Amino acid sequence: MKIPKQSNKPLSNAITILAVSIGSVAAISVFVDFSSFDVSGVLFMLAIVCCILIAKNKYDVGVAEQYAQELEQSFAENLSVASKEFYAQLYQNSPIPYLMVDSQGLIRSINLAAKRILGVPRENVDNTNIFDRLDCEKEDHLDLLIQKYKGGLTLSDELVKIKRADGSLIWAMLSIFKFTSDDEQLGLLTLVDITKQKQVENAKTEFVSLASHQLRTPIAAMKWSAELLQMDGPETLNDKQKKYIDRLLVATQRMGVIVDDFLRVSRFELGTFQPEYTKINLTALFADCIKEQLEKATQKNIEVKTFYDASIENIVSDVSLLRMIISNLFSNAIKYTREGGTIHIGFGKKNEDIIISVADNGMGIPIADQPRMFGKLFRATNAVRSVPDGTGLGLYIIKEAILVLHGNITFTSVENNGTTFEVVLPLTLAE
Ligand code: ADP
């Protein structure tokens, strides 16, 4: 609040009075004879009165200013004391769990909601490291979070498991915002309990997994029956019937692929997928994956050029995951490349990694769609327009498979020019 200061108006008033008085005396002296009167004495008196008025005004302004300053200071002090208490109350009783941690993760203070979520209502958590209470879905993700935090980065909405004092686990989204207090780097940590949402999500994934598994048997039976019917000669089947059986086969095959994709996604999401590491001849695996789909490429008159690093012969990895990655990328390259295009597919070595690369000169991916390419069920706008046959699950599955193998996938793409996918996997050569 601002205290209005006393105005300087009386000073100008005093000067005006003095000027008017001198002026009046001078004007009257034209008509009246002041010879018997001490004019200079009167003017002198007037000047003294004005000086007193000016001095008093100056004094009043000074006092008012000092008073205003004192009032402002005491008001600010009261306000800061009130807001300190107010914020302390807000922090302690907020329904959102808050913890203050130091630069290493040691707990400095904890509010009631955070004690509740950690299950430590009475236990003293001072000097407990918050990272000792956390776990993540993927093995090394917690280490990465700790490194990021200690490296001075902000953590935002990270999915973590919290180990409660009674041994139970709950799911939460964790964020840590850095701030400085008394020259010390601290972190304000918030937790949002999402255990219920996670349970619902898991129940849905389990249902998809179960349903996909159960659907596989009837789909396989339909496929076999259609294949058996297809074998019948022209004496039992006319052209029209043959055409319908062909359509039936294509549809059941497609249904089988979709159901297999659903099953894969649910297995990755439930975390039940266990890789099996065996010795693999990478060149043979690539040749096999390419052979399986070469007919589709030939039908579109697409040239397939391969490149294999001869120094990598046998590696140790999960063959079904690798096959899934190579086949999916190759199948996409064929699907999204126009007639007469070219695909370069192969692998090489960079430091301690294998680099798998699949490059095409097809339709590419619009720049606006690129950030969402590895999302579940996402298809780029140009693909939706010109290639209706797709689920948007392939890249999501590949990304999950690559994570299981501790690798990484990136791509570069220019619409109407082509796309290059690059997979980096840790190289373990077989003895
Ligand atoms: P689907 O191919 O079944 O739609 P994917 O998950 O395999 O699903 O691919 C997701 C989307 O990524 C595709 O719909 C397409 O828009 C884009 N995409 C993938 N590979 C390529 C590629 N080689 N060229 C252009 N777009 C691609």
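What's counted below: heavy atoms across the whole structure, side chains too, no hydrogens, waters or symmetry copies. Ligands are counted one by one from 1 in listed order, and the atoms in each one are counted from 1 as well. It should be emphasised that the depicted structure is a prediction, and the values quoted were computed from it without experimental measurement.
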- request: Not counting sequence neighbours, which residues clear ring-ring contact (aromatic ring centres under 6.0 Å, His included) with F374? List them please.
  value: F411

- prompt: Is any side-chain heavy atom of R323 less than 4.5 Å from a side-chain heavy atom of C289?
  reply: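 The answer is yes, as the side chains (C-beta and beyond) meet within the 4.5 Å cut-off.
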
Within the protein, residues bringing a heavy atom under 4.0 Å of ligand 1, chain by chain: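 Lining ligand 1 at under 4.0 Å, by heavy atoms, one finds N332, A333, K335, Y336, D360, G364, I365, M373, F378, R379, A380, A383, G390, T391, G392, L393, G394, L395, T419, F421.
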
message: Considering only residues two or more places apart or on different chains, which pairs with a residue in residues 261-285 satisfy salt bridge (charged side-chain N to carboxylate O under 4.0 Å, His left out)?
response: D261-R264, E269-K376

field: Residues forming a side chain to side chain donor-acceptor pair (under 3.5 Å) with R164, sequence neighbours excluded
entry: none

- prompt: Any donor-acceptor pair under 3.5 Å linking the side chain of K300 with the backbone of T337?
  reply: yes

- prompt: Hey, what's the ring geometry for F347 with Y308, parallel, tilted or perpendicular (30° and 60° as the breaks)?
  reply: parallel

